[in-house]
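Note that this is a predicted model, so its numbers are computed, not measured.
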Amino acid sequence: MLSDDSLLLGRCSRWFSSQLSEEGRYPYSFVQSRFSDIRKWKEQSREIFEQYILAPVISISDFEVVSVSDYDGLRIEKLRWSLPFGNPTEAYFLRPLEYQRPLPGVLALHGHARNKILGKSKITRVSDNTDSSIISFQQKMHEGRAWANELAKNGFAVLVHDVFPFESRLITPSKAFSVLDGVVDKNGDDYSQYNEKASYMESDIAKVLFSSGFTWPGLTLTEDRIALNILASREDVDENRLGCCGLSLGGMRAQYLSGSTDKIRCTVSAGFMTTWNDFILHHAIDHTWMYSIPGLSNLMGLSDIVSMTAPSPLLIQSCSDDELFSLDEVRKAEKNLRGVYEKAGFPDHFDHRYYKGSHRFSTEMQTEAFDWLSRWL
């Protein structure tokens with residue numbers, strides 16, 4: 001038994017943890033005996049999910065193509081669209097230069113990594129004049145690759161967009177961010193001061209969102225849904241073959257998005273799988289507010305959210321030495337997910353693979369992720 005002083009909030013964490021169900025025993029886990037029809041269960045569970053995630057309903061009328069270029073064997077479009085709040089969203093759409101028919105589309109979802117200066121640029125390269133901070137980030141997290149580019153080279157149409165408050169969606173000067181005045185040089189290579197201080201502002205952002213009747217993951221989910229609709233609307237994209245893929249926060253975004261819509265036919269989530277219990281006992285301190293859905297953990301486990309994508313194919317990728325998660329809790333989530341797909345009658349549509357090393361999206365992981373998307377899309 002873990003000692004109290006090893007827990008995030010000591011004996012308080014132990015009590016909070018005791019209030020949770022075990023994985024697979026939550027009221028809205030499909031493995032519960034009261035559920036037999038996966039379609040009816042998904043309908044009920046998604047209704048509960050929507051009640052708690054409190055995603056605002058926002059639609060946009062159009063988007064702008066800012067520029068078009070050819071680079072790295074790809075056609076790259078820079079897109080822009082406006083939402084009712086914040087700066088306009090910017091995105092990159094990437095596809096092979098030559099293609100014969102509408103392509104399968106993938107929403108490539110950027111992560112967090114305590115870096116809000118970068119969003120979509122974390123996983124793309126659009127010219128040889130790439131900022132050294134981007135190259136450095138990709139070397140650390142993706143073994144030097146812009147993985148959205150690599151995915152497009154594998155025959156996919158890929159959309160990568162910024163979400164609030166990253167890159168183009170950074171918060172403009174405000175009272176809460178006045179602490180950052182005089183610190184940020186957005187043209188420089190070292191953004192560490194901005195990102196360090198911006199991380200302290202997450203609590204203020206969360207307070208504002210919760211006070212307004214929304215949640216942060218709900219806001220993110222709305223932005224991802226809008227991007228998915230844009231991807232599906234394109235003539236060069238087959239709207240019946242859409243997938244999503246992401247690392248870390250991007251992996252979480254993939255889970256919340258694919259679990260809540262049948263538009264996603266195939267999902268890859270890397271570097272984000274565990275239990276609510278893991279956050280309570282150990283790792284809430286290591287993560288953003290962007291995962292937190294107050295109250296839902298009384299009804300659904302974290303793995304139950306993405307299980308709502310079943311029986312659509314789902315690949316979860318975890319690193320055995322990932323410092324952000326406890327491996328024993330990850331395996332509990334895996335067991336629940338395997339149980340869901342087995343009960344649904346599609347055990348081959350799910351896999352959870354483990355890799356050596358710390359939190360990252362290695363070339364090995366990328367290759368297997370792209371193969372999974374190619375297999376099913």
Check your understanding: Does one hydrophobic cluster hold both Ile285 and Phe325, with members joined at side-chain heavy-atom distances below 4.5 Å?
Key ->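 No, no single cluster joins them.
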Check your understanding: Taking it one step at a time, do Phe166 and His112 satisfy ring-ring contact (aromatic ring centres under 6.0 Å, His included)?
Key -> CA-CA 8 Å; Phe166 294 85; His112 189 294; 5.3 Å; yes
Tabulate below the donor-acceptor pairs under 3.5 Å that side-chain atoms of residues 299-308 make, not counting sequence neighbours, or state none.
residue, atom, partner, partner atom, Å
Ser303, OG, Glu23, OE1, 2.7
Ser303, OG, Asn336, ND2, 2.9
Asp304, OD1, Ser29, OG, 3.0
Asp304, OD1, Asn336, ND2, 2.9
Asp304, OD2, Ser29, OG, 2.6
Asp304, OD2, Gly301, N, 2.7
Ser307, OG, Asp304, O, 2.7

Practice item. Under the side chain to side chain contact (heavy atoms under 4.5 Å, CB included) rule, what do Arg360 and Cys319 come out as? Steps first, then yes or no, please. Key: CA-CA 8 Å; Arg360 71 197 193 285; Cys319 292; 3.9 Å; yes
Check your understanding: Would you call the rings of His287 and His283 parallel, tilted or perpendicular, where under 30° means parallel and over 60° means perpendicular?
Key ->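 The rings of His287 and His283 stand perpendicular, inter-plane angle above 60°.
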Practice item. Report yes or no: does Thr309 contribute a side-chain atom to a donor-acceptor pair with the main-chain N or O of Ser312 at less than 3.5 Å? Key: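 The answer is no, because no donor-acceptor pair under 3.5 Å joins these two groups.
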Measure centre to centre between the rings of [X] and [Y], then say whether the value is under 6.0 Å.
{"X": "Phe85", "Y": "Phe164", "answer": "yes"}
{"X": "Phe16", "Y": "Trp276", "answer": "no"}
{"X": "Tyr28", "Y": "Phe49", "answer": "no"}

Practice item. Check whether NZ of the Lys or CZ of the Arg Arg234 lies under 6.0 Å from the centre of the six-membered ring of Phe93 and within 45 degrees of that ring's axis. Key: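 Arg234 over Phe93 ring: yes.
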**Study point:** Set of residues satisfying ring-ring contact (aromatic ring centres under 6.0 Å, His included) with respect to Tyr99, sequence neighbours excluded
**Key:**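 Expected list: none.
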Practice item. Considering non-hydrogen atoms only, spot the tightest contact between Ile280 and Ser17 and give its length. Key: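 For Ile280 versus Ser17, the nearest heavy atoms are CG2-N, 3.8 Å.
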Check your understanding: Should we count CD of Glu323 as having more than 12 external heavy atoms under 6.0 Å?
Key ->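 Yes, CD of Glu323 has more than 12 neighbouring heavy atoms, counting only those of other groups under 6.0 Å.
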Which donor-acceptor pairs under 3.5 Å do side chains of residues 366-377 form with protein atoms, sequence neighbours excluded?
residue, atom, partner, partner atom, Å
Gln366, OE1, Arg145, NH1, 3.3
Gln366, NE2, His142, O, 3.2
Gln366, NE2, Phe361, O, 2.8
Thr367, OG1, Thr363, O, 2.9
Glu368, OE1, Arg353, NH1, 3.1
Glu368, OE1, Tyr355, OH, 2.7
Ser374, OG, Phe370, O, 3.0

**Study point:** Test side chain to side chain contact (heavy atoms under 4.5 Å, CB included) applied to Asp348 and Tyr341, step by step
**Key:** CA-CA 8 Å; Asp348 62 319; Tyr341 275 81; over 6 Å; no
